[in-house]
Number of protein chains: 4
Amino acid sequence: MARNIEKDKQMRWERKQHILECALHAIAKKGVSSVEIKDIARESKISVGSVYTYFKSKDDILKEVARKGQEEYRVFTKNIAENSDMNSLDKLREICTIWLDLKSNWAYTILLQSVRSNETIHGELRDTVTRRFTRNLEPISAIIREGQENGTIKSGVPLEVAFYFVSLIQGLTLQRVPGYEIPVNIDVEGIIQLFAQKTH
Amino acid sequence: MARNIEKDKQMRWERKQHILECALHAIAKKGVSSVEIKDIARESKISVGSVYTYFKSKDDILKEVARKGQEEYRVFTKNIAENSDMNSLDKLREICTIWLDLKSNWAYTILLQSVRSNETIHGELRDTVTRRFTRNLEPISAIIREGQENGTIKSGVPLEVAFYFVSLIQGLTLQRVPGYEIPVNIDVEGIIQLFAQKTH
Amino acid sequence: MARNIEKDKQMRWERKQHILECALHAIAKKGVSSVEIKDIARESKISVGSVYTYFKSKDDILKEVARKGQEEYRVFTKNIAENSDMNSLDKLREICTIWLDLKSNWAYTILLQSVRSNETIHGELRDTVTRRFTRNLEPISAIIREGQENGTIKSGVPLEVAFYFVSLIQGLTLQRVPGYEIPVNIDVEGIIQLFAQKTH
Amino acid sequence: MARNIEKDKQMRWERKQHILECALHAIAKKGVSSVEIKDIARESKISVGSVYTYFKSKDDILKEVARKGQEEYRVFTKNIAENSDMNSLDKLREICTIWLDLKSNWAYTILLQSVRSNETIHGELRDTVTRRFTRNLEPISAIIREGQENGTIKSGVPLEVAFYFVSLIQGLTLQRVPGYEIPVNIDVEGIIQLFAQKTH
DNA sequence: GATGAATGAGAATTCATTCAT
DNA sequence: GATGAATGAATTCTCATTCAT
């Protein structure tokens, strides 16, 4: 009996995660504000009613997708930042490459943008997303500082430089709308060189 | 008589422009897909019905706002690019400063963003916006090329570097949600230095 | 122009009243909690969407119907209470007769009951309805006091007796469900005699 | 074996009764039409699915709650009516006191009210409830007749007077919404005096 | 032309009932 | 039998567009 309760909780959690992932895909396809519960249900291969078994409302889902995305991003950048086997530029390179490679990042970036820029969305959520974004600059900021100390990254307030780096990547990501990509090549090395300190 | 017809046409054109500006503000406040015709009417201080006297549909308005914004942007960057009184870095500086200063740019950037990423919006519009965005990279690209030739800007495919420059500025712009700004300072000089060629 | 604005306001007010009356009929037919916006729209001979032009929500309509009903009841009893051409028992007789005759009173009584007994309804509304009910006892209470003073009505705390009188009438009203009436005759004179002071 | 079957039947009956009582509480809290199977399950401390093990449908539960309540009421009034140790007025007094004291009566009265006035409820049930209500007037009617014969109760058609008595008590009961009571004292003696025949 | 009420198609949400475990 | 997740029909509410004044 106790085992079943545990198992049920586990199952419920897993299904929630599944729906969140499917919601992200649905958002990637239709855009945050056009996505319908129907789309999320279809993508998750469950009924519309069932979505409401796991989430209170559509807003609730969007909130959770944003949270999940930001948390995963934090783990992703933190792991790279703390990896002592890589030098600073390689860390930025890695972040840039993986970030621009992941298809889901587009949807996730769009989502965060929408959440933040949509006045109809409850202030608390916008606040939270903003706060998390700011906190998520820290690992990048640490990499920048480290690079500046060993002379491989350009000088400048680390947090500000991190902000530019992230904005640049997000700006590029937003241009990569599936089906409507800007037809200009993106070269990770070129991007990294913007932040690299030339040595002679 | 002919004069009156001319005058009427002129009036009509002016009112359309007024509505477009107000629509941009309304969009900036509520997001492209949440904005209602009622919002645009209220912002323009006219009635809902009158909006339809000047525009065929909501989609029509979005299309026009996007077109107007992108055209003004093209004129803005082109003028700076062709100004022979400024050096290349100063041109970038000027674009960066003015762009980040203008409040309406935030709304306009959001709008383009939303138009391109919103699947419910007619493909033709998304196509047009994308094409114009690409073409609008040209003046910036020209500045980059010029700067590379006189050794003040870093090397790299000019169009790609221009793409990074614009993406960076747009990425930063999107973070500046009125009331929910990321609390990190933006220093134009720091941004320009990313693209500047160090001389010894 | 000023005339039109006035006229518009007047029209709007009249249509609201019309919808409220139709809503009361719809409620009378289907019961408070089963009544749908569709029913109210049909009864008012307007579209569902139009109902929302005049009222914010279904709850808003119920609230207004309750308010309107209680206000009309207050005017009704006050007018009778203050009529110096009738003696006290005639006043009670009149109230009783008219109240039990009016078909809409059934719906209205049901509505007030539902509002008060339904826990899902916002406390503020329940509070207001309760307060108004209490205040509306006053005219009846005045009649009772007057009758006691001239020896035609039984003794007892006037407000309490008024409460019994109103509860009795409301209790009877509630039994008169259209189509499911309790097959027992209601004799106004018999009811009045319960409250009358026998003289010898 | 046979004994087990008996025991099972007994258990099943007891659980049904338990659910019915809990359903009454749930209905009292949320109103007949707002009450959800979930509420009844929660109140009964069993699962939603289990409710359906004992009852065919929500309607079935409502029907049973109403039947149970009306039957208990019949037994209650019949016992008092037939009690030869009490005089007629004492009998009314007893009914009045106990009825107004019992908290569950409020819920039960609301329930009957709602069942009868709710058009979405099956006509057969509404019919049955109405018929039982009428039949349940008989014991009260008998008390009235008895009182009239010994000169302690006012004259009038006994069934009609009984109808007024019950309506008055039910009317008062309905005003006593937990937490939203009408702030007027209820004095059983005052009520009884309305029906008492003054002797000189 | 200007206005804002009217419309109805479409989206979010609820909940009685069923069903797999 | 017990459980609670799954279902989808039904309901409330929204909003672009039309239309009468």
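The analysis underlying the following values was restricted to heavy atoms, covering all of them including side chains, and did not include hydrogens, waters or symmetry mates. Note on naming: letters A, B, ... go to the chains in the order of the sequence lines (proteins, then strands), and numbering restarts at 1 for each one.
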- Mapping V51(C) and K38(A) onto DNA chain E by nearest heavy atom, which one lands closer to the 5' end? V51(C)
- Task: For T53(B) and for I46(C), find the nucleotide of DNA chain E with the closest heavy atom, then tell me which residue's nucleotide is more 5'.
- Result: T53(B)
- Minimum-distance nucleotide to S47(C) side chain [options: dC15(F), dA16(E), dT7(E)]: dT7(E)
- Item | Proximal nucleotide (of dT17(E), dG1(F), dT17(F)) relative to the K58(D) side chain | dT17(E)
- Near E14(D) CD, under 6.0 Å, is it more than 12 heavy atoms from other residues, nucleotides or ligands? yes
- Message: Distance check needed: dT14(F) P versus I37(C) CD1, whole Å only.
- Response: 11 Å
- Residues within residues 10-28 of chain A bordering DNA chain E, heavy-atom distance below 4.0 Å: none
Considering only nitrogen or oxygen atoms on both sides, find all protein atoms under 3.5 Å from nucleotides 18-21 of chain F and state each distance.
none

- Query: Can you tell me how far C1' of dA5(F) sits from NZ of K9(A), to the nearest Å?
  - Reply: 17 Å
- Exceeds 12 heavy-atom contacts within 6.0 angstrom, atom CD of E124(B): no
- Paired and unpaired positions of DNA chain E as dot-bracket, Watson-Crick or G-U wobble under 3.5 Å, | denoting a partner strand: .||||||||||||||||||||
- Say you draw a straight line from CD1 of I40(A) to OG of S50(A); how long is it, rounded to the nearest 0.5 Å? 13.5 Å
- Examine dG1(E): is either OP1 or OP2 under 4.0 Å from a nitrogen or oxygen in the side chain of Y54(B)? Give yes or no. no
- Query: From the list dT12(F), dT7(E), dT7(F), which nucleotide is the closest neighbour of the side chain of S50(A)?
  - Reply: dT7(F)
